[in-house]
Amino acid sequence: MNAPTKLSLLVLIGMSLSCGHYTDSLTAEEALKSFTLSDDRLTVDIFATEPQVLDPVEMVFDEEGNAFVVEMPDYPSKPEDGTLNGAIRLLRDTNRDGRIDSAVIFAEHLSEATSILPWEGGLLVAAAPDILFLKDTTGDFRADVKEVLFTGFFASNSEAQITNLHYNVDNWIYASNCGQAGEIKFLRTPKAPPISIKGGDFRFRLDKGKFEIESSSGQFGMAVDDWGNRFFTENSIHIQHASIAGRYLYRHGFLPSYDVALNISDHDPEMFQQTPPPYWRKERTKRRNEQFAEAKLDRHEYAEDHFTGASGGTFYGADLLPKEYQGSIFTGEVAGNLVHRDILTLAPNSPTFIAKRGDKEKDKEFLVSSDPWFRPVQLSVGPDGILYMIDMYRQHIETPTAIPEDLKEEMDFFKGSQLGRIYRIIPKGAKPTPVQPRLRSKSAAELVALLAHPQQWWRLQAQRLLLEKQDKSVLASLKEILLKDTNPHARLHAFFTLEGLNALEENTVAEAFKDNQPEIRAYAVAEAERFPALFDQIVAATKDASPKVAFQACLSVGQFGTPQSTEALASILEKQVSDKWFRMGVLSSEAGASLGLLKGLQQKNFFQQITPAKNEFLEEFGHVIGARNRKGEITELFGIFEEGSDSQIWVVKGAIRGMKKLKVEPEDSLKEVLKKQVAKADSTTKANIEFLISSNTSKNP
């Protein structure tokens, strides 16, 4: 057999294997038949499909009602020749039949753009290593203005880059960073030092020139509810929440852990997919489980029916879908070919949430597909109240680095890169037509009226445009709404519109403390940090019946470095020591991590009756003191408690861990104190003490 014949045979064999392991793509109309919804009152139809949209990963509507889509054809790896194929398209429905029939390329040759946000008549674009501002000034729907606003973001792994740009009710723009390292420069203030965002996400305000690290480390998907609470998605954990904001979490660098991302699902990791696992995943899982068994590890991996590709968590803040779906969070699962729904409820006596399944979805998902190419990477809610579903539509969605080499041989990771769909989830019988809000031409007074709109999209756009206009003629109307309107959403947006107009005065904030909506009271507490005269009201709010308000007051009290702050934080601990968020909130501040606080609690006999939660607090407190390593402070800490008492043992344990973690070199006098602790220490603490005594920790890893 000659060489060409052999090659042809090998190709045929490869094609045969490929066809045996992986299915072919479906047309958009065929794919519609693959969907099953849990509610027969709803249906799915097509909004846009190829060639108008290719490889879509996000869609947003600007204040005029224009639909912009981010395309990511370079996933999972950029072309070797350096070509950049990322693009943003403006989708157009020219005959107004509800389906896109035309598209204009707004911007192209982008570096893996992942997210966009309407801003000042243009778009903010997350395209690592940069955040850009793009704008069309000529009316041809193509961006002719390009400004790099921020640079320095992680740009290697496309699954872990910056994304999820969200304008929030507090006037900050939030985004996800997946915890990646980065020294970020704001190019509008070139002389300012770069800001590190390693370990967190970030937020910024262009109107005030601010940029800062934020707690949490989301991946692809951020849901922001009507009250500004952020929920984020990260592959195998489909919904998380961070109770403590970054501006408090990073007040000092000595907390025992910055792991503030809480999995709030009460049903993880189970999901109910209709598609079988792909061949490569099934085989990889089999191999890994065999390795775990050989190593006698108590570990098992699953190839299906467990979240591994959660993506695009989105809050539904509209009213087109039936009432039970309003306020839900919808999350795509790209590996399971489905859309999951969560219902949020407040956690009892704690400033966080619990995410539950809906009554109709106890043993099924909100939407499943039998088509393994269906990749719901993101969802979006438009001004029409429709829930849009963005389908990247690829044969393979996993990054190649996670798959064994032999299994990759028959996989084409770009198969489907010339396809893409956007679907609409709507009530059966509904015939929605394109909505054209035309908000940019509305007066400031008309925008103020929209702050009471029943849909989140309209309220946020109106607020954003009011800040852009900076029209002070509406201040009296905003104050009237805040103090008298019966709609709590209108009051909240009025509150922050006043803030954005630099008109949130001390007396207005003080009045907001009395609001019957807990979220507004909590925001009032936070804003009161700017007004020292309101300190007593902040302290009083630590006893608020709402855990969210009390927790915010706990954080805000810590902004004041006074003896009164220390006393107030000690009182909070007496009531809330069992809640880890309150303990972290106290310890995050200088006053809450002072020896004065611990001495005050000891004098009140707080530690006389010990509990596991009090022990945890003592260890956490010790960690801060040990890591901080102020002269004489660690020795003084040990002396607060009776020699050899349980309380002393716990603070010693924490202090030793803190010293080792931050590579603290103990003073000679402290080494003598540490030697006395060896006899009563557990094995780990003993080893750490011996390490600290015998080593120069500043030179050791």
Side-chain angles (χ1 to χ4, degrees), residues 31 34-44 57-58 164 176 218-225 229-241 261-277 281 302-318 321-322 324-345 353-381 386-393 397-398 422-426:
S34 75
F35 296 133
T36 302
L37 283 157
S38 62
D39 190 333
D40 59 11
R41 296 174 298 170
L42 305 177
T43 190
V44 182
V57 295
E58 186 176 62
N164 302 327
S176 297
Q219 201 162 2
F220 199 77
M222 182 194 298
V224 182
D225 72 7
N229 297 298
R230 293 178 302 116
F231 305 90
F232 47 100
T233 308
E234 186 268 315
N235 272 359
S236 59
I237 306 176
H238 76 275
I239 184 165
Q240 300 178 79
H241 177 241
L262 177 68
N263 180 0
I264 63 172
S265 170
D266 72 350
H267 51 277
D268 258 357
E270 185 181 58
M271 68 178 189
F272 304 101
Q273 70 187 85
Q274 195 172 95
T275 51
R281 182 180 293 279
Y302 297 89
E304 58 187 318
D305 292 329
H306 286 67
F307 285 99
T308 60
S311 178
T314 300
F315 176 78
Y316 185 72
L321 297 184
E324 60 261 44
Y325 298 107
Q326 297 168 24
S328 295
I329 290 182
F330 294 87
T331 305
E333 220 300 342
V334 296
N337 319 113
L338 57 86
V339 174
H340 178 80
R341 181 173 77 102
D342 284 295
I343 298 172
L344 296 174
T345 59
F353 297 81
I354 299 171
K356 301 177 177 292
R357 285 183 173 273
D359 290 339
K360 295 180 180 178
E361 298 142 28
K362 297 299 184 184
D363 58 355
K364 64 181 73 171
E365 299 299 340
F366 172 74
L367 179 148
V368 293
S369 173
S370 58
D371 179 8
W373 286 57
F374 173 56
R375 309 295 184 183
V377 293
Q378 184 64 273
L379 297 105
S380 179
V381 182
I386 292 172
L387 180 63
Y388 292 86
M389 188 165 61
I390 291 85
D391 179 9
M392 195 174 184
Y393 207 73
I397 199 74
E398 189 92 5
I422 299 174
Y423 299 99
R424 306 187 304 179
I425 300 175
I426 56 176

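Since this is a predicted model, take the numbers as computed values, not measurements.
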> Will you find, in the side chains of N337 and S369, an N or O donor that is under 3.5 Å from an N or O acceptor?
Replying inline: no

>> Check whether S311 reaches the backbone of G309 with its side chain - one donor and one acceptor, N or O, closer than 3.5 Å.
In response: no

> Considering only heavy atoms from C-beta outward, does the side chain of L338 approach that of L367 to under 4.5 Å?
Replying inline: no

> Can you list the steps and then say if H340 with F307 is a ring pair (Phe, Tyr, Trp, His ring centres under 6.0 Å)?
Replying inline: CA-CA 10 Å; H340 178 80; F307 285 99; 5.2 Å; yes

>> Please enumerate all residues that pass side chain to side chain donor-acceptor pair (under 3.5 Å) together with D268, with sequence neighbours excluded.
In response: H238, N263

> Just how far is it from atom CG of L262 to atom CZ of F231, taken to the nearest 0.5 Å?
Replying inline: 10.5 Å

> Nearest 0.5 Å, what's the OG-CG distance between S38 and D363?
Replying inline: 10.5 Å

> So, do R341 and I329 sit near enough that their side-chain heavy atoms are less than 4.5 Å apart?
Replying inline: no

>> In the structure I gave you, are the side-chain heavy atoms of M392 and I397 within less than 4.5 Å of one another anywhere?
In response: yes

>> Measuring only between side-chain heavy atoms, which start at C-beta, is I390 closer than 4.5 Å to S380?
In response: yes

> How would you list, by chain and number, every residue that makes a side chain to side chain donor-acceptor pair (under 3.5 Å) with Y316, sequence neighbours excluded?
Replying inline: none

> With distance as the sole test, does R424 use its side chain to make a donor-acceptor pair with the main-chain N or O of T43 at under 3.5 Å?
Replying inline: no

>> Before you tell me yes or no, could you show the steps for E398 and R281 under salt bridge (charged side-chain N to carboxylate O under 4.0 Å, His left out), namely the whole-Å CA-CA distance, both residues' side-chain angles and the distance that decides it to 0.1 Å?
In response: CA-CA 10 Å; E398 189 92 5; R281 182 180 293 279; 3.0 Å; yes

> Going by atom types only, do N164 and S176 share a side-chain donor-acceptor pair under 3.5 Å?
Replying inline: yes

> Relative to each other, are the rings of F35 and F374 parallel, tilted or perpendicular (30° and 60° limits)?
Replying inline: perpendicular

> Do E324 and R41 sit within salt-bridge range, that is, some charged N less than 4.0 Å from a carboxylate O?
Replying inline: yes

> So, the side chain of Q273 versus the backbone of D305: is there a donor-acceptor pair under 3.5 Å, distance only?
Replying inline: yes

> In Å, rounded to the nearest 0.5 Å, how long is the span from CZ of F315 to CD of Q326?
Replying inline: 9.5 Å

> Could you give the distance from OH (Y302) to CD (E304), rounded to the nearest 0.5 Å?
Replying inline: 11.5 Å

>> Strictly distance-based, threshold 3.5 Å: is any side-chain N or O of E333 a donor or acceptor partner for the main-chain N or O of G336?
In response: yes

>> I want to check something: taking the side chain as every heavy atom from C-beta on, are N235 and Q219 in contact at a cut-off of under 4.5 Å?
In response: yes

>> I'd like to know if the side chain of E361 reaches the main chain of F366, judged simply by a donor and an acceptor atom lying under 3.5 Å from each other, with no hydrogens or angles considered.
In response: no

> Just how far is it from atom CG of L379 to atom CD1 of I422, taken to the nearest 0.5 Å?
Replying inline: 11.0 Å

> Once you round to the nearest 0.5 Å, how far does CG of D266 lie from NZ of K356?
Replying inline: 4.5 Å

>> Quick one, L42 and I426 - any side-chain contact, counting heavy atoms below 4.5 Å?
In response: no

> Is the closest side-chain heavy-atom distance between V57 and Q378 below 4.5 Å?
Replying inline: no

